[in-house]
2 protein chains.
Amino acid sequence: MDKVPTIKDVADRAGVHAATASRALNTATRGMVNTRTVTRVLEAAKALGYAPNSAARSLRTRTSSVAGVIIPDLRNPVFPPIVRGIEDGLREAGYMALLGNTDGDIDRERELFDAMRGRQTDGFILATSRRDDELPATVPTVLVNRRTDTGAVPSVTADNDAGVRMVVRSLVELGHSRIGHVAGPRHLSTGWERYRAFVDATGAESVTFAAAFTEEAGFEATLRLLDAYEGLTAIVAGNDLIALGCYAALASRGLSVPEDVSVTGFNDIPFADRQRPGLTTIRIPHYDIGLESARLLLARIANPAAPAKRIVLPVELITRGSTASPKP
Amino acid sequence: MDKVPTIKDVADRAGVHAATASRALNTATRGMVNTRTVTRVLEAAKALGYAPNSAARSLRTRTSSVAGVIIPDLRNPVFPPIVRGIEDGLREAGYMALLGNTDGDIDRERELFDAMRGRQTDGFILATSRRDDELPATVPTVLVNRRTDTGAVPSVTADNDAGVRMVVRSLVELGHSRIGHVAGPRHLSTGWERYRAFVDATGAESVTFAAAFTEEAGFEATLRLLDAYEGLTAIVAGNDLIALGCYAALASRGLSVPEDVSVTGFNDIPFADRQRPGLTTIRIPHYDIGLESARLLLARIANPAAPAKRIVLPVELITRGSTASPKP
DNA sequence: TTGTATGCGTTATCAA
DNA sequence: TTGATAACGCATACAA
């Protein structure tokens, strides 16, 4: 008998009917089965190495214990720790993650979403939504590190507003008064919220928008910023990768960090401390963001009618060598 | 009618039997259906927004178009690009990836493996196997960046042997003759193969083994190496993270890189170029390793009897500031 | 507390 | 070329 054992095999071995075995195996219904019967069934299951066929179970219960996780690109260093947190959070409830990358392509996101839905995914964790996204209300969904403007979808994010204010305050305390901002894309909540916070905190207009949260886009946007606003002594970058683009752009203009211009990032990605100079940035709790988003999703799956929580996790200023007082 | 349409709904709308609709919808069986019937069915499916219920299909066909991907820890920077390549490779065939992390824990690996199997996974891509692992022959499996000693399991790896030889040759050409090796764990094929290649290439005995492929383990093993073998002018590290541990250990002894000791890594992880000094290392084609492993798995799923290919991808020496000629 | 019967949606087999 | 029917493995409403 090489074939995979079914619940029928377990039932036969335990001398009960398949229905009883099913009840004994399932913790929720175990209560309605005689204790001795339960042990017999459990022993039989163990002896046979029984594992329930999830396809059959899904077909019957319309749940799969699988969540879809859709992100732009795993190679962006913010995502690995977040995804890791998600996976650990899902595992607490016996869930697993189906992973997909979109490269920011909205059609691909749609495709992936549909394909995962076809695979009976119980819910979604999305790191890809634009601020104006309309998400189908039919399936439990949580946004991670992103929000929609309406706030109708539950989300887990870092405190972008507080982070930017911390960074700006530290620059002001160092004596900077001409501060620029290389913002992330407007259509992403992270880019937008940090931009709003920067304008609120500084009242400054010296802002350019990078086309993406990448080093290349940061490089390009920094050059535009330098051309448009003279005499800046500090640049607040929309995230760490953009900040690295700032480094390169400043170097290309013969400016050094932090002697000529201070630079700050956002996220504290791995290796931010190894840059030259080390990057002053805002540390967000990557792993916990993932973990909380998984838990939030599980809660939504358990009770889809629950209000759409928006969890905002605290951030921390990490001061390194990329910021200093401006030259007199 | 808000409910999800089934094949029965499609069949009714097209005026055919469900079995016929199934044949028309499935490309493999489409040939046995009248062309006009096919178009009618396809139109009906489109009109209803029909998507097959994969649980029902899996139950019937015993396939799922899902592959399990099990790695030690996504936060290790080698894995994101590999996983990304895997995902893209799987997608070419309409497959998706179920992702799991083990933290190197063999029990957890077993658990994940079983849990994924229970979810009707069609095959596995494992980055976790030890050299002596016995893998169940019952389900198609491919190893990525790892091999077992017997070679009975198909695998996709970088050319560890050639990489180490390139590194050693370049050090020798720089004039080094007292070269040490901080190897990765013996029980992993990457650690073992690079160690063997080092010994073959140098004939040297100056080796210590790190407990893991991490910076901390590299730090600790480097201190042991320095204590055991005096006068080393170069250290070949088992991978980049270990090399960063070397940097730290050398610094703690007041030695500078590359003036006192040259250091090399392996993998060329993102940001290896940003270290201080930039790390001379072997670049492995992370993404392609993932891509090829996905394709290999798909081939094995299509034909499980096919011979167990072992694909070895070429590597490249990347010279940066961490290597130089020894002091006279 | 346990057994019986049924159906989830799909596809494979068999017959027409 | 199509239709009828059964079966994949499980969980539940109902009966005992």
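Order of the sequence lines fixes the chain letters, A, B, ..., with proteins taken first and strands second; residue numbering starts at 1 for each chain.
Of all nucleotides listed (dG9(D), dA12(C), dA11(D)), dG9(D) comes nearest to the side chain of Leu59(B). With dA12(C), dA13(D), dT2(D) as the choices, the nucleotide that has an atom nearest any side-chain atom of Asn34(B) turns out to be dT2(D). Nearest nucleotide to the side chain of His17(B), out of dT10(C), dT4(C), dT5(D): dT5(D). When the nucleotides dC8(C), dA11(D), dC10(D) are ranked by their closest atom to the side chain of Ala56(A), dC10(D) comes out on top. For Arg60(A), counting side-chain heavy atoms from C-beta on, the closest listed nucleotide (dT1(C), dG3(D), dG7(C)) is dG7(C).
The residue Thr61(B) sits close only to the backbone: its heavy atoms come under 4.0 Å of sugar-phosphate atoms, none of a base. Contact annotation for Thr6(B): backbone-only contact, meaning every heavy-atom pair under 4.0 Å involves sugar-phosphate atoms and none involves a base. Using a 4.0 Å heavy-atom cutoff across all strands shown, Arg62(B) reaches sugar-phosphate atoms only and no base atom. Within 4.0 Å (heavy atoms only), Thr37(A) reaches sugar-phosphate atoms of the nucleic acid but no base atom.
Between the side chain of Ser54(B) and the backbone N or O of Gly118(A) there is at least one donor-acceptor pair closer than 3.5 Å.
With respect to Arg13(A) and Asp9(A), no salt bridge is recorded, no charged nitrogen being found less than 4.0 Å from a carboxylate O. Salt bridge annotation for Arg295(A)-Glu292(A): present, with a cationic side-chain nitrogen under 4.0 angstrom from a carboxylate oxygen.
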